Q: 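Take this structure first; my questions come after.
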Amino acid sequence: MNMRNIALTIITSLLLISVSSCEDMMGDFLEKAPGADVTEDTIFSSKAEVEKFLASIYQYGIHSTFGYGTNNLIAGPQSTLSAGATDEAETCAAWYDTQKWNNGSLSPNDTYDGRWPYRWIAIRKITVMLDRVDEVPDISREYAAQLKAESKTLRAMNYYEMLKRYGGVPIINQRIQLSDNLKIPRSSVEDVANFILSDLNDETVNALPLNQTGVLKGRIHQGVALALRAKLYLLIARDLFNTDKPYMNFGSNNNLICMGKHDNELWNKAAVAAKDVLDWAKEAGCSLITDQGVTKNYKYQWEQYDNNEIILAEKASGTCGKWSWPWNAISPPNVYPGNSGQSGITVTFNFVKKYEKIDGTEQTWDENGGNDLQAKMAELDPRFAQTIAYNQSYWNKEFPKMEIYEGGRQYPTCSGGFWLHKHYPEIISEEVWTYVPNSTILSLNEFYLNYAEALNEYNNGPTQEAYDAINEIRTRSGMPNIPSGLDYLAFREKVRHERAIELAFDDHRLYDVRHWKIAQNEGVMNGNMWGLKITQIDGSNEFHYEPYVFETRTFSTKMYLEPFPQGEVNKGYLIQNPGY
């Protein structure tokens with residue numbers, strides 16, 4: 001079987017192997033040692049069987065940025081995008097889990113991370129794979145090394161996802177037997193970071209294929225390992241962890257929530273690692289989308305699956321109807337009948353104000369309102385219209401003009417004055433009402449911005465390479481270069497602004513603002529969220545807008561890290577994060 005067929009087998013298996021069959025194979029969480037199952041010998045008796053087992057690792061080990069309702073295995077319980085927990089947006093229905101962030105109700109008994117148990121299942125399966133894959137009689141040493149490298153990269157991904165949420169977590173680097181101590185305590189932030197890096201070492205990278213293309217974007221390759229390494233360095237270099245004074249005093253346990261010192265060299269390592277991704281991309285045929293025109297490049301990047309800008313995509317779901325998750329969580333009410341119960345995602349005026357005019361200057365919005373809403377929106381960065389459904393904008397051929405004004409069809413529950421369009425492909429309609437979602441987990445555009453941020457922080461000011469990186473992102477969307485001669489703080493704000501716009505609604509903002517330690521700032525994850533009341537002007541094509549506060553949010557310091565589930569803490573092996 002050639003490489004393509006093997007990968008297709010694995011990706012297809014992700015859609016076919018049920019949760020129950022995987023658990024019958026290897027047991028639940030850490031409650032049962034894998035060695036207790038006699039079927040393990042069967043798993044490692046042939047290449048075909050071990051590839052099925054690899055598929056189960058992917059099934060548990062790959063997350064999604066989309067909400068899939070009750071399918072926690074893929075995405076957790078939130079059923080929607082994380083944007084609604086930030087200044088990006090509001091998820092209108094009160095029952096969405098993003099509201100826990102907005103009203104400050106996040107607690108150990110009501111956590112946000114529904115994938116906690118599934119990550120550990122994946123990690124435990126990986127330890128079995130690493131222990132036994134060399135025994136498979138009909139695979140080459142080279143292919144066994146690749147399977148181990150894929151498994152280690154998936155383990156690193158899951159540990160990265162936990163580190164960014166919780167700080168230090170237990171490290172499981174070998175098989176768990178019934179005779180072992182199953183109450184493994186948390187390791188320090190530094191130790192977890194080093195463990196992740198050990199899984200993403202050069203040996204792992206070199207054992208992987210250079211890239212995966214097309215429908216195989218869901219399988220691990222060199223770019224994924226390099227990208228995770230770059231993200232890890234950026235994470236531990238930022239303010240939340242790179243300090244000896246954590247966000248809350250945790251006494252003798254401070255090392256569980258911070259690195260224990262400030263190390264500026266981490267920024268250099270983050271810059272080098274991001275550059276490694278950019279260099280890999282040139283060799284691997286991974287590139288920014290630039291051939292669709294400045295008014296379409298950005299939309300093509302998120303709407304056209306398996307394009308050259310995507311490094312890794314989640315492909316764990318089959319077709320989903322337009323009235324089922326994840327589509328109904330994004331689609332505005334009254335776009336399709338019957339969807340009103342799922343509410344859609346309304347974009348805040350806080351976020352819309354971040355969009356510059358197309359000439360790179362700041363747009364001016366009258367705080368008392370105005371009669372030129374359409375004209376102001378027409379002047380904005382082309383990414384605005386490729387991201388957001390705004391009054392009179394095009395949704396698809398069935399809804400060619402969105403009515404987001406008082407009395408309009410899409411106005412009810414649109415507290416922000418705008419709906420999110422990004423991630424909802426235009427093709428979904430009455431004619432094409434089932435579609436296979438692919439959420440992008442890693443994309444090349446992020447690493448230009450990571451590179452610019454790390455260079456500026458390390459050098460206490462931007463280098464030419466930092467300017468070049470951020471301007472490359474802006475140029476492909478028709479935006480002018482940022483001003484030259486900026487100092488350290490001014491360039492930092494430009495990078496953060498560009499990151500907000502370019503990576504909008506891609507599951508970055510909830511973590512970026514906490515790792516930068518700005519979540520408590522007014523209008524970020526705390527304080528007033530603004531929307532627009534929009535009304536028609538008789539005899540005019542223009543509309544009146546009036547800013548108003550639709551919600552006041554509460555962010556407390558403890559929320560810089562998330563709480564562990566109380567049930568796990570009650571088992572006596574986890575120290576809960578401070579404040580919970």
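Only heavy atoms go into these numbers, but all of them, side chains included; no hydrogens, no water, no symmetry mates. Being a predicted model, the structure only gives us computed values, none of them experimental.
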Q: Hey, does V169 have a side-chain heavy atom less than 4.5 Å from the side chain of Y159?
A: yes
Q: If the threshold is 4.0 Å, N to carboxylate O, is there a salt bridge linking K231 and E446?
A: yes
Q: Is any side-chain heavy atom of S187 less than 4.5 Å from a side-chain heavy atom of F195?
A: no
Q: Determine whether the aromatic ring centres of F564 and Y580 lie less than 6.0 Å apart.
A: no
Q: In terms of relative ring orientation, are Y424 and W327 parallel, tilted or perpendicular, with 30° and 60° separating the classes?
A: perpendicular
Q: Any heavy-atom pair between the side chains of L163 and Y160 that's under 4.5 Å?
A: no
Q: Flag the pair S82 / T65 as yes when at least one side-chain heavy-atom distance between them is below 4.5 Å, and no otherwise.
A: no
Q: Look at R155 together with D199 and state whether they make a salt bridge at an N to O cut-off of under 4.0 Å.
A: yes
Q: May I ask you to decide if C320's main-chain N or O and S324's side chain share a donor-acceptor pair within less than 3.5 Å?
A: no
Q: Donor-acceptor pair, N307 side chain versus Q301 backbone, under 3.5 Å?
A: yes
Q: Charged N to carboxylate O under 4.0 angstrom, E203 versus K148?
A: no
Q: Output yes when R229 and D202 qualify as a salt bridge under the 4.0 Å nitrogen-oxygen rule, no when they do not.
A: yes
Q: Does any donor atom in the side chain of D113 or T111 lie under 3.5 Å from an acceptor atom in the other side chain?
A: no
Q: Looking at L208, is its backbone amide N or carbonyl O close enough to the side chain of Q222 to form a donor-acceptor pair, meaning the two atoms are under 3.5 Å apart?
A: yes
Q: Under the 6.0 Å and 45° cation-pi test, does K164 pair with Y511?
A: yes
Q: Check E90 with R553, please: is the shortest side-chain N to carboxylate O separation under 4.0 Å?
A: yes
Q: Do Y60 and N158 have side chains that approach each other closer than 4.5 Å (heavy atoms only, starting at C-beta)?
A: no
Q: In the structure I gave you, are the side-chain heavy atoms of P185 and I575 within less than 4.5 Å of one another anywhere?
A: no
